[in-house]
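Here is the structure we will look at, set down as structure tokens.
Owing to the predicted nature of the structure, the values given are computational and were not obtained by experimental measurement.
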Amino acid sequence: KSTILSSTGKFRARCFADGKGNYRLLLAGVGPGKTEGTVKVELPAGLTFRSRTGNTVQTAPDTFSFTGNDICSDIVELNSK
């Protein structure tokens with residue numbers, strides 16, 4: 001489950017899980033202009049994630065902040081160790 005805590009612009013976020021411990025967080029700005037959003041996601045403890053595009057930062061174990069311009073997106077996935 002994901003909950004948008006704050007946003008400016010048209011911001012969307014959704015978390016997907018496959019039931020086998022794999023998680024993906026999809027975030028999007030639907031432009032025009034700047035989009036920012038913070039989302040809280042219910043996740044198991046101790047996981048760290050990485051952004052594919054650099055538009056998202058993990059600010060706490062369960063919280064992510066996204067920033068982008070115009071039509072933009074990011075996929076946040078588990079860090080490979």
Side-chain angles (χ1 to χ4, degrees):
K1 179 182 173 184
S2 59
T3 303
I4 295 175
L5 301 176
S6 66
S7 67
T8 56
K10 295 179 183 176
F11 174 66
R12 305 289 184 266
R14 178 155 308 204
C15 185
F16 295 90
D18 68 0
K20 298 177 185 177
N22 294 307
Y23 298 89
R24 299 288 185 279
L25 180 61
L26 306 181
L27 305 108
V30 197
K34 187 172 184 175
T35 301
E36 295 179 329
T38 301
V39 62
K40 184 172 186 168
V41 184
E42 292 179 16
L43 297 166
L47 300 178
T48 59
F49 292 80
R50 67 179 174 88
S51 163
R52 283 194 186 176
T53 65
N55 290 340
T56 306
V57 175
Q58 186 172 2
T59 57
D62 61 353
T63 307
F64 301 85
S65 292
F66 171 86
T67 303
N69 288 306
D70 299 321
I71 297 174
C72 51
S73 64
D74 200 354
I75 299 172
V76 176
E77 55 197 349
L78 280 170
N79 266 331
S80 300
K81 292 186 178 183

[X] vs [Y] side-chain heavy atoms within contact, under 4.5 Å:
{"X": "Val30", "Y": "Arg12", "answer": "yes"}
{"X": "Thr3", "Y": "Val39", "answer": "no"}
{"X": "Ser6", "Y": "Phe11", "answer": "no"}
{"X": "Leu25", "Y": "Val41", "answer": "yes"}

Subject >> Residue pair Leu27, Val76: steps toward the side chain to side chain contact (heavy atoms under 4.5 Å, CB included) verdict >> reply: CA-CA 8 Å; Leu27 305 108; Val76 176; 3.6 Å; yes

Original post:
Do other residues, nucleotides or ligands put more than 12 heavy atoms under 6.0 Å from Leu47 CG?
Top reply: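 Above 12, so yes.
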
Could you report the tightest heavy-atom contact between [X] and [Y], atom names first, then the distance?
{"X": "Cys15", "Y": "Leu43", "answer": "SG-CD2, 4.4 Å"}
{"X": "Arg24", "Y": "Ile75", "answer": "CD-CG2, 4.1 Å"}
{"X": "Phe66", "Y": "Cys72", "answer": "CZ-SG, 3.7 Å"}
{"X": "Ser2", "Y": "Arg14", "answer": "OG-CA, 3.9 Å"}
{"X": "Ser73", "Y": "Thr53", "answer": "O-OG1, 3.4 Å"}

**OP:** Would you check if the side chain of Asp70 reaches a backbone N or O of Lys34 as a donor-acceptor pair within less than 3.5 Å?
**Re:**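 No, the answer is negative, given that no donor and acceptor are paired below the 3.5 Å cut-off.
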
Using atom types as modelled, flag every donor-acceptor pair under 3.5 Å from a side chain in residues 56-64 to any protein atom, sequence neighbours excluded.
from: Thr56; atom 1: OG1; to: Asp74; atom 2: OD2; distance (Å): 2.9
from: Gln58; atom 1: OE1; to: Phe49; atom 2: N; distance (Å): 3.0
from: Gln58; atom 1: NE2; to: Ala60; atom 2: O; distance (Å): 3.4
from: Gln58; atom 1: NE2; to: Pro61; atom 2: O; distance (Å): 3.2
from: Thr59; atom 1: OG1; to: Thr63; atom 2: O; distance (Å): 3.4

**OP:** State the CZ-CG distance between Arg50 and Asn79, to the nearest 0.5 angstrom.
**Re:**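 If I round to the nearest 0.5 Å, the distance is 7.0 Å.
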
